[in-house]
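A short write-up of the structure that comes next.
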Amino acid sequence: MRNHPKFGSPAVDRYCLQGTEWGYPGNCQFSSYRQCMASASGTDAYCGINPRYASANQGQGYSPDY
């Protein structure tokens, strides 16, 4: 896992590839929605916000990274 440059703690990627093959929370290695959707293309998978990212950033507002 990568370290967050500002805090030195592990970074949590924003998006997870989810679906029948991946389950929940899925394959959470995507820092942008676009990267996740490119991997989901042509499959029955979809992209959702990583629950670990959402809880780590609770109260800071959410702005999608397209």
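One-based numbering along the sequence shown.
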Taking Pro25's backbone N and O only, do any of them form a donor-acceptor pair with Gln18's side chain (distance below 3.5 Å, no angle check)?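 Looks like yes, one N/O pair under 3.5 Å.
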Within the side chain of Asn50, is there an N or O that forms a donor-acceptor pair under 3.5 Å with the backbone of Asp13?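 Yes; judged by distance alone, with no hydrogens or angles, the pair exists.
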With rounding to the nearest 0.5 angstrom, report the CD1 to OH distance, Ile49 to Tyr33.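 It comes to 10.5 Å.
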Do Tyr24 and Pro51 come close enough that some side-chain heavy atom pair is under 4.5 Å?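 SC-SC contact between Tyr24 and Pro51 confirmed.
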Indicate the atoms forming the closest heavy-atom contact of Ser32 with Tyr15, along with that distance.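 Heavy atoms of Ser32 and Tyr15 come nearest at C-CD1, 3.4 Å.
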Among Cys47, Cys36, Cys16, side-chain contact (heavy atoms from CB on, under 4.5 Å) partner for Phe30: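 When side-chain contact (heavy atoms from CB on, under 4.5 Å) is applied between Phe30 and each of Cys47, Cys36, Cys16, only Cys36 qualifies.
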